[in-house]
Amino acid sequence: MVAKSFGGIFMPTSRETIKYENHFLSNVICRVDFESDLSNETISQLAMSTEITQSFPIRGKDSVEEGTNFNVVQKPGADPQIFQERVSFVRKEFINSLGKNKCSISPKFLILEYGAYVSFEELKNHLMQIIQKIKNLSGDIQISRFGLRYINTFNVDNIRIFKSYFANEISGFVSLSAPSNTLLSRAMGKIEYINSDVRLNMNFGEFNRNYPGAIQKHDFVLDYDAFIQGNYKLSDAFPQKLDVAHNMIQDVFENSITDKLRELMK
């Protein structure tokens, strides 16, 4: 399968046929931010629900985090005033049996993090079960943001990185040389895409594991972050926006690599 140039987004005949035996995904993150805080009762019910505990059976340590609430005060004959209030909330964490993947839930957000990613089908199944449970407990509430992020890390300790693995628009960032009397600290590029109301930020290059120091090992990263912002009902966002975000990431990833890397990934 040959990828097209960045001038035209890669469109495979069937995305479902693209299954790689090996991949370089270091992290996959799915996050939902709620427009209004979930109630303590909803959080308690979620924490005990099979929708979470079945896939993430190990209870992690609760942590206290801080956030901001915005309150609008409207007085007769005056413009509305917006006040910020710093608040504390509890973040509950649940971990899978291998200790690699986790689910975090709080009044303000839901996060799924995969250090051992299997498939989009698994991620989608986990997310939709929890979303449906939230709908059952709190109704078709609104979210303020949803994001899906795939981070591919090509670590030079595990792979020899060649320019020929990547599309021309990207390969120039592989093993960049610094001018004389200088040291390279980071070399990252960015491309942004839009599909209706879904945006995709692609960051690529040598991120430098020792930043802000000088680059010692020329690792390479392909980082895709697809998201929507604004008020959406749960039923309007999922699974529709989830599918669009994933399809965008998959198409742009296929545009980012060459057949030489596909052969390595099998």
Is it the case that Gln132 and Asn136 place a side-chain donor and acceptor less than 3.5 Å from each other?
-> yes
Any chain of hydrophobic side-chain contacts (each under 4.5 Å) joining Met128 to Leu46?
-> yes
Can a salt bridge be assigned to the pair Asp33 and Lys108 using a cut-off of 4.0 Å between side-chain N and carboxylate O?
-> no
Measure across Cys30 and Leu127 and return the closest heavy-atom pair with its distance rounded to 0.1 Å.
-> SG-CD2, 3.7 Å
Residues Leu176 and Ala187: closest non-hydrogen pair is CD1-CB, 3.4 Å
Using the test ring pair (Phe, Tyr, Trp, His ring centres under 6.0 Å), find all partners of Tyr117 that sit at least two apart in sequence or belong to another chain.
-> Tyr150
Taking it one step at a time, do Leu123 and Leu242 satisfy side-chain contact (heavy atoms from CB on, under 4.5 Å)?
-> CA-CA 10 Å; Leu123 181 155; Leu242 173 66; 4.3 Å; yes
Check ring pair (Phe, Tyr, Trp, His ring centres under 6.0 Å) between Tyr232 and all other residues, then give those that pass, not counting sequence neighbours.
-> none
OG of Ser196 to CE of Met248, rounded to nearest 0.5 Å, is 9.5 Å
Residue pair Ser175 / Glu206, side-chain heavy-atom distance below 4.5 Å | yes
Using a side-chain heavy atom cutoff under 4.5 Å and only I, L, V, M, F, W and Y, what cluster partners does Phe207 have?
-> Ile151, Met188, Val221
Between Phe220, Phe253, Phe173, which is the residue that forms a ring pair (Phe, Tyr, Trp, His ring centres under 6.0 Å) with Phe204?
-> Phe173
Hey, do the aromatic rings of Phe238 and Phe146 have their centres closer than 6.0 Å?
-> yes
Is it true that atom CG of Asn40 has more than 12 heavy atoms of other residues, nucleotides or ligands lying nearer than 6.0 Å?
-> no
How close do Lys217 and Val156 get, heavy atom to heavy atom, and via which atoms?
-> CB-CG2, 3.7 Å
Write down the atom of Leu222, the atom of Ile170, and the distance for their closest heavy-atom approach.
-> CD2-CD1, 4.1 Å
List the atom of Thr42, the atom of Ser138, and the distance in Å for their closest heavy-atom pair.
-> OG1-OG, 2.9 Å
Which residues pass the ring pair (Phe, Tyr, Trp, His ring centres under 6.0 Å) test with Tyr211, sequence neighbours left out?
-> none
Ser26 and side-chain hydrogen bond (donor to acceptor under 3.5 Å, both in side chains): which partner among Asn152, Thr153, Asp223?
-> Thr153
Is the closest side-chain donor-acceptor distance between Gln250 and Glu254 under 3.5 Å?
-> no
How close do Asn208 and Gly213 get, heavy atom to heavy atom, and via which atoms?
-> ND2-O, 2.8 Å
Heavy-atom check, side chain of Glu113 versus side chain of Asn27, under 4.5 Å = no
Roughly how far, to the nearest 0.5 Å, is CG of Asp225 from CG of Leu200?
-> 7.5 Å
Given side chains that start at C-beta, do those of Tyr114 and Leu25 come closer than 4.5 Å, heavy atoms only?
-> no
Is any side-chain heavy atom of Glu93 less than 4.5 Å from a side-chain heavy atom of Ser63?
-> no
Sequence-distant partners of Phe94, ring pair (Phe, Tyr, Trp, His ring centres under 6.0 Å), two or more places apart | none
Sequence neighbours left out, what pairs pass ring pair (Phe, Tyr, Trp, His ring centres under 6.0 Å) with at least one residue falling in residues 21-58?
-> Phe24-Phe154, Phe56-His126
